[in-house]
Amino acid sequence: MFAVLSALMLGACGTLAGVLVAVALGIVPAFRGLPPDQYVRVHRLVGQHYDHVMPPLVIGCTGVDAFLAAEASGGAEVTLFTAAALAQLGVSLVSQFANVPINRVVKSTDPLSVGPGWEDPRGRWAHWHLLRTVLALGALTANIAAVAIHR
């Protein structure tokens, strides 16, 4: 059971961290390089698919990490799986309370109404995205270590 769950968890956690890194390296700079009206259009387009996949992925990783922490036999494993679950919970909290509200504002913005007084959210969004990316990478690192020391 451990082998199957840990393999699924590492795959899902690695996918999550990889997607967040790819967004940080590719999409965030692309967003910043667009004029505001085009940014609003592209942000809407990009978010369509992430919004349906990422929350269940994060919740699933968190749940499996919590389960593995509860089932772990050694203190170091418990600590590492717990740290991973907490980091994944951090990804979820940052997403829901920082990035998602910004996404909602951008999605409700008419690209034609973006003018000189528009409050550009790209810097704030990128800041919060970087935090959740670091948390996801931390979770992945903790999970790899926990699986590596499992007996």
Side-chain angles (χ1 to χ4, degrees), residues 1-34 36 38-109 111 120-151:
M1 172 94 144
F2 177 84
V4 171
L5 277 179
S6 62
L8 289 172
M9 176 272 304
L10 287 173
C13 189
T15 298
L16 172 64
V19 166
L20 294 178
V21 167
V23 168
L25 294 176
I27 293 179
V28 169
F31 279 175
R32 286 187 171 157
L34 293 171
Q38 288 181 10
Y39 157 70
V40 170
R41 287 184 180 98
V42 172
H43 188 121
R44 285 178 177 176
L45 181 65
V46 168
Q48 288 177 350
H49 301 290
Y50 284 107
D51 294 350
H52 300 292
V53 174
M54 297 309 282
L57 186 61
V58 176
I59 291 167
C61 290
T62 305
V64 173
D65 278 329
F67 177 80
L68 290 172
E71 296 294 313
S73 57
E77 272 184 71
V78 171
T79 300
L80 289 165
F81 282 130
T82 300
L86 291 172
Q88 297 287 11
L89 179 61
V91 170
S92 183
L93 292 172
V94 169
S95 295
Q96 290 307 306
F97 295 108
N99 290 94
V100 168
I102 295 170
N103 292 347
R104 285 189 189 119
V105 169
V106 172
K107 288 177 183 178
S108 69
T109 300
D120 191 339
R122 290 178 275 193
R124 286 183 299 119
W125 193 92
H127 165 81
W128 292 114
H129 180 74
L130 181 60
L131 176 58
R132 66 184 177 175
T133 302
V134 169
L135 289 167
L137 289 168
L140 178 59
T141 302
N143 280 321
I144 291 169
V147 170
I149 66 170
H150 177 75
R151 293 182 188 142

Student: Is the closest side-chain heavy-atom distance between Met54 and Val91 below 4.5 Å?
Tutor: no
Student: Stepwise, does the side chain to side chain contact (heavy atoms under 4.5 Å, CB included) test hold for Val58 with Arg132?
Tutor: CA-CA 11 Å; Val58 176; Arg132 66 184 177 175; over 6 Å; no
Student: With a 4.5 Å heavy-atom cut-off, do His49 and Val53 have their side chains touching?
Tutor: no
Student: If we count only N and O atoms by modelled type, under 3.5 Å, do the side chains of His129 and Asn99 hold a donor and an acceptor together?
Tutor: no
Student: Set out, in order, the CA-CA distance, both residues' side-chain angles and the distance that settles side chain to side chain contact (heavy atoms under 4.5 Å, CB included) for Val64 and Phe81, then state yes or no.
Tutor: CA-CA 9 Å; Val64 173; Phe81 282 130; over 6 Å; no
Student: Minimum heavy-atom separation for Leu135 to Gly90, with atom names?
Tutor: CD1-C, 3.6 Å
Student: For the pair Arg122 (side chain) and Gly33 (backbone), establish whether a donor and an acceptor sit closer than 3.5 Å, ignoring hydrogens and angles.
Tutor: no
Student: Could you report the tightest heavy-atom contact between Val28 and Trp125, atom names first, then the distance?
Tutor: CG2-CZ3, 3.6 Å
Student: Phe2 and Glu71: side chain to side chain contact (heavy atoms under 4.5 Å, CB included), yes or no, with the steps?
Tutor: CA-CA 9 Å; Phe2 177 84; Glu71 296 294 313; over 6 Å; no
Student: Taking all atoms of both residues into account, what is the closest heavy-atom pair of Ser6 and Ala3, and its distance?
Tutor: OG-O, 3.2 Å
Student: Could you check whether the rings of His43 and Phe31 sit parallel, tilted or perpendicular, using 30° and 60° as the cut-offs?
Tutor: parallel
Student: Just verifying a value: how many Å separate Thr62 OG1 and Met9 CE, rounded to the nearest 0.5 Å?
Tutor: 11.5 Å
Student: So which heavy atom on Ala139 is nearest to which on Cys13, and how close?
Tutor: C-SG, 4.0 Å
Student: Measure the CG-CG distance between Leu68 and Leu5 for me, rounded to the nearest 0.5 Å.
Tutor: 5.5 Å
Student: If you define the side chain from C-beta out and look only at heavy atoms, does anything of Val19 sit under 4.5 Å from Leu57?
Tutor: no
Student: Can Ile27 and Tyr50 be said to form a side chain to side chain contact (heavy atoms under 4.5 Å, CB included), step by step?
Tutor: CA-CA 12 Å; Ile27 293 179; Tyr50 284 107; 3.6 Å; yes
Student: Working to the nearest 0.5 angstrom, can you tell me the gap between Thr109 OG1 and Arg41 CZ?
Tutor: 12.0 Å
Student: So, for Leu137 and Ala17, which heavy atoms are closest and what is the spacing to 0.1 Å?
Tutor: CD2-CB, 3.9 Å
Student: Within this structure, what is the CZ-CG distance for the pair Arg32 and Asp120, rounded to the nearest 0.5 Å?
Tutor: 9.0 Å
Student: Please give me the minimum heavy-atom distance between Lys107 and Gly47, naming the atom from each residue.
Tutor: NZ-O, 4.4 Å
Student: How long is the straight-line distance from CG of Leu86 back to CG of Leu93, given to the nearest 0.5 Å?
Tutor: 10.0 Å
Student: Between Pro121 and Tyr39, is any pair of side-chain heavy atoms under 4.5 Å apart?
Tutor: yes
Student: Can you tell me how far CG of Leu10 sits from CG of Leu140, rounded to the nearest 0.5 angstrom?
Tutor: 7.0 Å
Student: Is the shortest side-chain heavy-atom distance between Val4 and Met1 below 4.5 Å?
Tutor: no
